[in-house]
Amino acid sequence: MGREMSMDTLSEREQKVRRDFWTKLKRVAGNVPFVEDLVAAYYCAMDPATPMRVRGMLLAALAYFIMPIDLVPDIVAGLGFADDMALLTAVVGLVSSSITPVHRAAAARTLDKELPARS
């Protein structure tokens with residue numbers, strides 16, 4: 001029962017992240033200093049070869065990023081993404097061995113194509 005519930009939760013988070021991630025990222029990319037890690041984490045979370053535990057952790061962090069209301073609202077100048085960055089940095093640190101060069105290369109290609117004006 002517990003495993004089924006966690007699989008349901010994982011599936012719900014994955015659907016939410018797939019639905020809302022790119023819209024939020026395009027809206028705030030210029031204000032997010034950790035955009036490359038964020039997109040690499042997205043590709044790792046969506047990779048079926050990524051261990052389920054890692055996918056769950058990344059999906060939770062990505063879902064927090066796309067939530068319209070969080071601990072420090074994203075519209076607060078200078079601090080808005082501090083909580084998002086802290087959470088993502090912690091999670092990426094825990095699962096860094098699962099974020100492969102393939103995920104990072106996909107992130108770089110996507111950022112060059114979708115967000116060419118980034119600095």
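Note: hydrogens, waters and symmetry copies are ignored here, and every other heavy atom, side chains too, is used.
Between atom CG of residue L62 and atom CE of residue M46 there is a gap of 6.5 Å, rounded to the nearest 0.5 Å. Taking CG of L59 as the reference point, atom CZ of R18 lies at 8.5 Å (rounded to 0.5 Å). Put simply, CG on L94 and OG1 on T89 are 11.0 Å apart, with the number rounded to the nearest 0.5 Å. Interatomic distance, CG of L58 versus CZ of R53, reported as 9.5 Å (0.5 Å rounding).
Residue V17 is grouped with residue M52 when hydrophobic side chains (ILVMFWY) are merged at heavy-atom distances under 4.5 angstrom, including chains of intermediate members. Linking Ile, Leu, Val, Met, Phe, Trp and Tyr whenever their side-chain heavy atoms come within less than 4.5 Å puts V91 and M67 in one cluster.
When atom types are taken as modelled, the side chain of S98 and the backbone of T50 share no donor-acceptor pair closer than 3.5 angstrom.
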Decide yes or no on side chain to side chain contact (heavy atoms under 4.5 Å, CB included) for L88 and F34, but give the supporting numbers first.
CA-CA 9 Å; L88 185 70; F34 54 97; 3.3 Å; yes

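In this structure, I99 and A40 approach most closely via the heavy-atom pair CG2-CB, 4.0 Å. When all heavy atoms of L87 and A61 are compared, the pair lying nearest together is CD2-CA, 4.0 Å.
Residues satisfying the salt bridge (charged side-chain N to carboxylate O under 4.0 Å, His left out) test with R13, not counting sequence neighbours, are none.
A salt bridge does not link K16 with E12: every distance from a Lys NZ or Arg NE/NH1/NH2 to an Asp or Glu carboxylate oxygen is 4.0 Å or more.
Contact check for R104 versus D37: side-chain heavy atoms found under the 4.5 Å cut-off. Side-chain contact check for R19 versus I66: every heavy-atom pair is 4.5 Å or farther apart.
T110 and Y43 are linked by a side-chain donor-acceptor pair at a separation below 3.5 angstrom, with hydrogens and angles left out of the test.
Between F21 and Y42, the ring-plane angle classifies as parallel under the 30° and 60° cut-offs.
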